[in-house]
Number of protein chains: 2
Amino acid sequence: MSKNLDATLAALADPTRRHVVELLRERPRRAGELAAASAMSGPAMSRHLRVLRASGLVEVEFEEEQVDHDARVRVYRLCPEPFVDLQAWLDQVQAFWSNQLDAFKTHAERTHEHTYRGEDR
Amino acid sequence: MSKNLDATLAALADPTRRHVVELLRERPRRAGELAAASAMSGPAMSRHLRVLRASGLVEVEFEEEQVDHDARVRVYRLCPEPFVDLQAWLDQVQAFWSNQLDAFKTHAERTHEHTYRGEDR
DNA sequence: AATGTCATTAACTATTGGATTAAATAGTAA
DNA sequence: TTACTATTTAATCCAATAGTTAATGACATT
């Protein structure tokens, strides 16, 4: 439904970017710190951060207004909104879950062995 | 963390596949029905369904054991597990949220106008 | 048996995505 | 000013993804 869910999920679909999220979950960090922590070149990380920015999952802050400010560094921090939106979508999907689960269980009792879950898992 | 989160998020990142999920959320449906509902060719939908299958988000069922069974049709239904896993990951990220939010608000009061959220939103 | 239907796979094309190196931008420090 | 640091952008390459039409497999219908 939400148009932005697309960008959010696309951003989170990449393991590197999820790792960044997990790092930022603890505290805001500098771009270079994130690159180093992910054993990744600066430019590569920069592109990932651009994607995360565009999706609204993170925001950047310049170090101005700080006691020992260095205007070169960019500090990234997590933004809550997209996560909340994703939660909302998941809740909406799972709102139908109880009946689905009932139907599933009822069915599974009858024809469980004909269920096919794909070739690769 | 979970290796499968990758496949789950990659699968859900596509709008067509999310649409399928939203359709299946109501009830199980046949492959052809999903293709028609998404105004998409059969083969294209088939590929999407393969991705959804591989990620464990859906499973297929043959129509055997049914009163008016037609062995050609495949009925797809939603699987709960990956959604639960995703919920768990989100919860884990948001467990750190209260402090983050506090820090964010405190900071925002001081330097809100220097915050930059990306060029395209 | 012959023809039509449901769904998937194959083969091909176009687009997107991530990684790299090199260059640019902006700022610090000697 | 000159050299060094932090980060982003540019140019390029390769791999992965999504769509199309045509072909195939398996079954249904007459």
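Below, chain A is the first sequence line, B the second, and so on; all start at residue 1. What's counted below: heavy atoms across the whole structure, side chains too, no hydrogens, waters or symmetry copies.
Between the side chain of A:Ser38 and the backbone N or O of A:Ala35 there is no donor-acceptor pair closer than 3.5 Å. Listed for the A:Arg29 side chain is a donor-acceptor partner under 3.5 Å among the backbone atoms of A:Leu23.
The shortest side-chain heavy-atom distance between A:Gln94 and B:Gln87 falls under the 4.5 Å cut-off. The shortest side-chain heavy-atom distance between A:Val73 and A:Phe62 does not fall under the 4.5 Å cut-off. Counting heavy atoms from C-beta outward, B:Asp14 and B:Leu12 have side chains that stay 4.5 Å or more apart.
Across the protein-nucleic acid pair, B:Leu34 atom CG and C:dA7 atom P stand 9 Å apart, rounded to whole Å. Between the NE2 atom of A:His48 and the P atom of C:dT20 there is a distance of 9 Å, given to the nearest Å. Put simply, CG on B:Leu52 is 14 Å from C1' on D:dT17, counting in whole angstrom units. Put simply, CG on A:Asp14 is 18 Å from P on D:dA15, counting in whole angstrom units. Spacing between atom CG of A:Leu49 and atom P of C:dG17 amounts to 17 Å, rounded to whole angstrom units. For B:Arg30 and D:dC27, the CZ to P distance is 17 Å, given to the nearest whole Å. Summarising the geometry, the separation between CZ on A:Arg72 and C1' on D:dA3 is reported as 12 Å, rounded to the nearest angstrom. Rounded to whole Å, atom P of C:dC6 lies 17 Å from atom CZ of B:Phe62.
For the segment residues 38-46 of chain B, residues with any heavy atom less than 4.0 angstrom from an atom of DNA chain C are, sorted by number, B:Gly42, B:Pro43, B:Ser46.
Counting atom types as modelled, A:Arg74 pairs no side-chain N or O with a base atom of D:dT7 as donor and acceptor under 3.5 Å. Not a single donor-acceptor contact under 3.5 angstrom links the side-chain atoms of A:Arg47 to the base of C:dG17.
Taking all atoms of both residues into account, the shortest heavy-atom contact from A:Arg18 to B:Asp6 is NH2-OD2, 2.8 Å. Annotation for B:Val58 and B:Cys79: closest pair C-SG, 3.7 Å, computed over non-hydrogen atoms. Of all heavy-atom pairs between A:Arg53 and A:Ser46, the closest is NH2-O, 4.3 Å.
Annotation: of the two residues near DNA chain D, B:Arg17 and A:Ala31, the 5′-most nearest-nucleotide partner is A:Ala31.
Axis angle between the ends of the helix from C:dA7-D:dT24 to C:dA30-D:dT1, five pairs each and rounded to 10 degrees, works out to 20°.
The pair B:Arg74-B:Glu61 does not meet the salt-bridge criterion, since no charged nitrogen lies less than 4.0 angstrom from a carboxylate oxygen.
The shortest distance between the side-chain N/O atoms of A:Tyr76 and the OP1/OP2 oxygens of D:dT8 is below 4.0 Å.
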